[in-house]
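To keep things clear, I will list the structure first and then write my remarks on it.
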2 protein chains.
Amino acid sequence: MSQSLKTILSLRELILSGELKPGERLSELAIVDRLGVSRTPVRTALLRLEEEGLLEAIPSGGYAVRHFSEADIFDAIETRGTLEGLAARLAAERGPSPGQIAEIRGCLRKLDILVQHEIATDTFSAYVELNERFHQLLVGMAGSRVVARQIERAVALPFASPSAFVEVQAVLPESRAILLVAQEQHRSVVEAIERREGARAEALMREHSRVAHRNLVMALEHQNAHDLVPGMALIRQA
Amino acid sequence: MSQSLKTILSLRELILSGELKPGERLSELAIVDRLGVSRTPVRTALLRLEEEGLLEAIPSGGYAVRHFSEADIFDAIETRGTLEGLAARLAAERGPSPGQIAEIRGCLRKLDILVQHEIATDTFSAYVELNERFHQLLVGMAGSRVVARQIERAVALPFASPSAFVEVQAVLPESRAILLVAQEQHRSVVEAIERREGARAEALMREHSRVAHRNLVMALEHQNAHDLVPGMALIRQA
DNA sequence: GCACGACTCTATGTATACAATTGAGCCAAC
DNA sequence: GTTGGCTCAATTGTATACATAGAGTCGTGC
């Protein structure tokens, strides 16, 4: 592994874990001392993490850990939903290949099996993985590099990812109901795409992202769910 | 001006002008020789231009000039329209401040005056400027850092900008009609936002972006319009 | 004659020395 | 007492030397 990649991963971990606090300025030399790499890969990592949205550039030079409000998270989820809605509509309008349809149907079936049973802690990671895969396949079905790239950027923020708040559900009583609703939306959007119903596919993906809105609100209410949200350390209460 | 910024601007110019051809690999040392800066700012510039979408990383290291198909441009415009639609909807739902409304109305009025008369070559730059300003104000009215940032990235591609194809209109007979339609859309979207009509505002901004679609098609048909499109050198015919 | 391997050369990845700018702290003058 | 400016330190911006990996070519062996 390259030193740059190592630095990116280490810094990201430090930021998301809250060890580096929002607003805190990052000195290149301090990182050099901490991680044992030279300034060059550190600079590369800082550039990348700023692009990713975890850091913000200070006008006079250097970077600080970015902080987010509850509204920012809401908007990030809404943005992802909007772009995934665009992807779903394009997929419906353009008509994906039989191979792509078979693939996403297979993914849907595996999710069905998982959701049928009560989901335990150990099967949750399997759910997260399949859920991510579903969203990736859907984006792929739009058949557009440009759209895919834009969505990649939108989900780079840890709490904007399709699976960001899934783990929160594990500790909530409404867990099972939410999963069933989400899975129904998965099924419906695939159906809409197959039938070339663009508007329906778009509306469904938008609404689907709002499951995350709801989970966010619940996570903020339940103190014991806080730790389960990735990047919760970056959230500053208004 | 910093060496990094100088390098970014120079490289961008070289790419957009077509001096560096799509698919061409960029050697750091070659750029050093060409621009007279050291490798460090060159590396910074390459990272930034990759983020911007003008370059793509080569798996084995280094960067190459990215090339785009007509479909890529279409998708980039559609993506911008979708995100600007989101911004317009949020602006309508949240209700912008009186100051923001006054500002965008002022912008609208200036555009009205400009559009009333036949637009000559020298007033075109004023139109482009006001048009950019209108779009920026609209994004600002959504009141979301996250959405604004995402839109910034979407319009970074030269042909995705709201003003990308405006200059094309200068050489087209339909020019005036298109400008009048675009201005009507500007007016309507502001009205919709003021009335808190979110769905209407969103639909209008989406449709507004499709003016660029039309201009793209016309630009591709008319050979003499080619040079007026920024980044046309990056387009590879399928 | 073809294919495989080794070697060389060139490219990027990394480390570090040096330059320049910003920001803070202190002193002095009004 | 406050404000202005100056100096010094610390941090980022820049240049460059060195390490390393990859690609291309030449030679040899089958």
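A note on names: the letters A, B, ... follow the listed sequences, proteins ahead of strands, and every chain is numbered from 1.
Rounded to an integer number of Å, the gap from I8(A) CD1 to dG13(C) C1' is 13 Å. Atom P of nucleotide dT11(D) and atom CD of E24(A) are separated by 13 Å, given to the nearest angstrom. Atom P of nucleotide dT16(D) and atom CG of L29(B) are separated by 12 Å, given to the nearest angstrom. Distance CZ (R48(A)) to C1' (dG13(C)): 14 Å, rounded to an integer number of Å. Separating the CZ atom of R43(B) from the C1' atom of dA15(C) is a distance of 12 Å, rounded to the nearest angstrom. Going from atom CG of L35(A) over to atom P of dT14(C) covers 14 Å, rounded to whole Å. In this structure, the CD atom of E28(B) is 6 Å from the C1' atom of dT12(C), given to the nearest Å. The interatomic distance linking Q3(A) (CD) with dG13(C) (P) rounds to 13 Å, in whole Å.
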Ring pair (Phe, Tyr, Trp, His ring centres under 6.0 Å), that's the test. Do F68(B) and F159(B) meet it? Break it down for me. CA-CA 10 Å; F68(B) 296 88; F159(B) 35 72; 5.0 Å; yes
Report the C-alpha separation of R149(A) and E50(B) in whole Å, then their side-chain angles, then the decisive distance to 0.1 Å, and conclude whether the salt bridge (charged side-chain N to carboxylate O under 4.0 Å, His left out) test is met. CA-CA 12 Å; R149(A) 194 182 153 92; E50(B) 189 224 351; 5.2 Å; no
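Residues Q150(B) and T79(A) bring no donor and acceptor atom of their side chains to less than 3.5 Å of each other.
Comparing Y63(B) and R25(A), the nucleotide of DNA chain C nearest to each residue sits closer to the 5' end for Y63(B). Take the nearest nucleotide of DNA chain C for I58(A) and for S2(A): the residue whose nucleotide is more 5' is S2(A).
L26(B) comes within 4.0 angstrom of the backbone, heavy atoms only, and of no base.
In terms of phosphate contacts, S38(A) brings a side-chain nitrogen or oxygen within less than 4.0 Å of OP1 or OP2 of dA15(C). When the side-chain nitrogen and oxygen atoms of S4(B) are compared with OP1 and OP2 of dT14(D), one or more of them lie within a distance under 4.0 Å. Under 4.0 angstrom from either OP1 or OP2 of dT16(D) there lies no side-chain N or O belonging to R39(B).
Scanning atom types as modelled, one donor and one acceptor separated by under 3.5 angstrom connect the side chain of T40(B) and the base of dA15(D).
Rounding to the nearest 0.5 angstrom, the gap separating the CZ atom in R80(B) from the OG atom in S209(B) is 5.5 Å.
Closest approach to the S27(A) side chain among dT11(D), dA11(C), dA23(D) is made by dT11(D) (side chain taken as heavy atoms from C-beta onward).
Salt bridge absent: R133(A) and E129(A) never bring a charged side-chain N and a carboxylate O closer than 4.0 Å.
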